[in-house]
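Shown next, in structure tokens, is the structure this report addresses.
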Amino acid sequence: MALFRKTKYATMNARPSAQTDIASKCPSCKTIHFKEDLEKNLYVCSDCGYHFTLTAWQRIGITFDDNSFQELDARLTSLNVLEFPGYDEKLARAQENSGLVEAIITGKGRINGEPAYAGVLAPEFMLGSMGAVVGEKIARLLDKAGSEGVGAIIFSASGGARMQEGIFALFQMAKTSAALSRLNDKGVLYISVLTNPTTGGVSASFAMLGDVNIGEPGALIGFAGPRVIQQTIGQTLPEGFQRSEFLLEHGMLDMVVPRKELKATLARLLRFHQGGGRR
Amino acid sequence: MRDVEAQLTLLVEKIKDLKDFSQEQGIELGKEVEALEKKAAKLREELYANLDGWQKLQLARNAKRPTALDYFNLIFTDFIPLHGDRQFRDDPALVGGIAMLEGKPVTVLGHQKGRDTKENIARNYGMPHPEGYRKALRLMEQAEKFHRPIICFIDTPGAYPGLGAEERGQSEAIARNLREMASLKTPIINFVTGEGGSGGALALSIGDCLLMLENAVYSVISPEGCAAILWKDASLAKDAAAALKLKAQDLSEFGVVDEIVPEPKKGLQDNWDLGLPAIKEALVRHMDLLGHLPLETLLQRRWRRLSSQGHWQEEE
């Protein structure tokens, strides 16, 4: 009897339980994976292909060549200009929980040897919402990419504009889009990678304006959230509505690329536009 | 506001009673009535001078205010409506065309709300679909071709959260307007006349001069939406209205708005004739100012305006 129990105990240990430090459950097919295996598989479920949401540093880790990424403008922090109730506390908590200063990391690195400027939104920081710091860091990033003629990539994962920054959050949509207009004038490549989720003011600004728009499989992409739409029209939404594949079908994305192929795809696109800038 | 309002109603009744009484009895009460009327006037002023965000929002949403087509027809002359995005359909929630302002041709655009439910359903409550933004961009590019200034009248609850709008690329349509307007080679005046609601309003807001009517509001999200998302309780919308700082006066303090155009005491809905000349005067003045700027200066100035939005801290 004791022997039987021991065997059972060993089996339990081999099958990780839902959400622990060492294991994660796939939100789609409920399979439980060891973190180590998941990491090796670029955080994609080996059973159903579900793409887990990545933190900004995870994204940088799987995209850039080892030790090639150099962060820019790391010291920009938000101010509570509106004196919005609870915003200071929310910022402090987000910083503590994520270890980040703000909802985006920008920098320059190499992808399979190709140099690129990149902005990576951090869904782990206030849902990757865009306030003045996110807007300013993107504007600076695009300015550098433009003046050096090096392609820029922005990986979006965001709930949209940050309400607590009121009108200034809304105007970041204008600011980032205007910065892209200047990049266009310089003839420099901009690739937008839309990951789960890309909604609201981020979707309705820089995320939709890529020379090439790439979606990750199954990513939720849209302006209004599905719940709001459902409330408005009072009927259930069609299967797959506002997912990457749906947007591809409706002409909003150039391609849907599985995470495993993303790095190579980005490198190929960068190579096409090498020595960018209008000649 | 409620207190002042109640006092005001009481006072008005009292004045009427006194007047009736003096007429019936033939007693001279002129002085008393005069004093009370003065007090009522002062209270009324107080009432409308100290509206909070929520009250302003109600005024901004008042269905008796002029709509875009009213402005086109009453401030401009010879308005010619132009329709369609050339791709899908004509969006009745976003109207535009060409018109004369003081004898000069301009392109006018605006969100169109209805005056009653029937009209509002036809106009989708002033909430554009992607084809609306695309029509706007088409007309703006047309304006650029003919070096006509553009005047955008902004008054919308926001972009329409519907199936078709998403299918046809609402995000892309708004984003494209933001990018293209940033470099459009003609002056653009953006005028918030009522409700400046999030992305739907922003898609007509990029330009060289942001004006707001005294009782207009402009916000990243509706207070109802903000309260529902942040505090899971839409009934806290009044608190959200205060927190979002959406009044023209707040935005002017932030330096976001170039000029607040005054309205009649009780609001523009109360007296169009009194309110419209001030609007026309402001538009003509800003159009002249912008018209004198060389194109290069205008575009550099526009980029500076856009890129300077927002506040942050940068540690050394």
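In what follows, chains carry the letters A, B, and so on, assigned in the order in which the sequence lines appear, proteins first and then strands, with residues in each chain numbered from 1.
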Check your understanding: Roughly how far apart are B/H311 NE2 and A/N80 CG, rounded to 0.5 Å?
Key -> 11.5 Å
Exercise for review: Looking only at non-hydrogen atoms, find the nearest pair between A/A204 and B/L178 and report the distance.
Suggested key: O-CD1, 3.7 Å
Review point. What residues of residues 211-227 of chain A sit under 4.5 Å from chain B when you count only heavy atoms?
Key: A/G222, A/F223, A/A224
Point to revise | Engaged part of B/L244 at the chain A interface, taking heavy atoms whose separation is under 4.5 Å | key: both
Practice item. For the residue pair B/E167 and A/F246, establish whether any side-chain heavy-atom pair is separated by less than 4.5 Å. Key: yes
Point to revise | A/M173, part contacting chain B, at a heavy-atom distance under 4.5 Å | key: both
**Study point:** Residue B/L299 versus chain A: region with a heavy atom under 4.5 Å
**Key:** neither
Practice item. Heavy atoms only: give me the nearest B/Q309-A/Q172 pair and the separation to one decimal. Key: O-NE2, 3.0 Å
Review point. In Å and rounded to the nearest 0.5 Å, what is the OG to CD distance from A/S177 to B/E180?
Key: 10.0 Å
Review point. Considering only heavy atoms, which portion of B/F254 lies under 4.5 Å from any heavy atom of chain A: side chain, backbone, both, or neither?
Key: both
Review point. By a 4.5 Å heavy-atom criterion (distance strictly below it), what part of B/L163 contacts chain A: side chain, backbone, both, or neither?
Key: both
Check your understanding: Given a strict heavy-atom distance threshold of 4.5 Å, which part of A/A179 is in contact with chain B: side chain, backbone, both, or neither?
Key -> both
Point to revise | Over all atoms of both residues, closest heavy-atom pair of A/E136 and B/S307 | key: OE1-O, 4.2 Å
**Study point:** Region of A/F241 in contact with chain B, defined by heavy-atom distances below 4.5 Å
**Key:** side chain
Point to revise | Residues forming a side-chain contact (heavy atoms from CB on, under 4.5 Å) with B/P294, sequence neighbours excluded | key: B/T297
Point to revise | Distance, nearest 0.5 Å, that separates CH2 of B/W312 from CZ of A/F168 | key: 10.5 Å
Review point. Closest approach of A/I167 and B/L251, non-hydrogen atoms and distance?
Key: CG2-CD2, 3.6 Å
**Study point:** Under 4.5 Å from any heavy atom of chain A - which part of B/R168
**Key:** backbone
Practice item. Under 4.5 Å, heavy atom to heavy atom: which of residues 153-165 of chain A reach chain B? Give them by number, or say none. Key: A/A161, A/M163, A/Q164
Review point. Which of the residues B/A182, B/S205, B/S198 is involved in the greatest number of heavy-atom pairs with chain A at under 4.5 angstrom?
Key: B/S198
Check your understanding: Taking all non-hydrogen atoms of both residues, which atom of A/V228 and which atom of B/P161 are closest, and how far apart?
Key -> CG1-CB, 3.8 Å
Review point. Would you say A/K175's side chain and B/L306's backbone share a donor-acceptor pair under 3.5 angstrom?
Key: no
Check your understanding: Which of these, B/Q313, B/E314, B/E315, sits in a side chain to side chain contact (heavy atoms under 4.5 Å, CB included) with A/L76?
Key -> B/E314
Exercise for review: Please list, chain by chain and in numerical order, all residues satisfying side-chain contact (heavy atoms from CB on, under 4.5 Å) with B/N120, sequence neighbours excluded.
Suggested key: B/K113, B/Y125
Check your understanding: If you take all heavy atoms of B/I206 and A/A174, which pair is closest and at what distance?
Key -> CD1-CB, 3.4 Å
Review point. Measuring heavy-atom distances to chain B, does A/I233 have an atom under 4.5 Å in its side chain, in its backbone, in both, or in neither?
Key: side chain
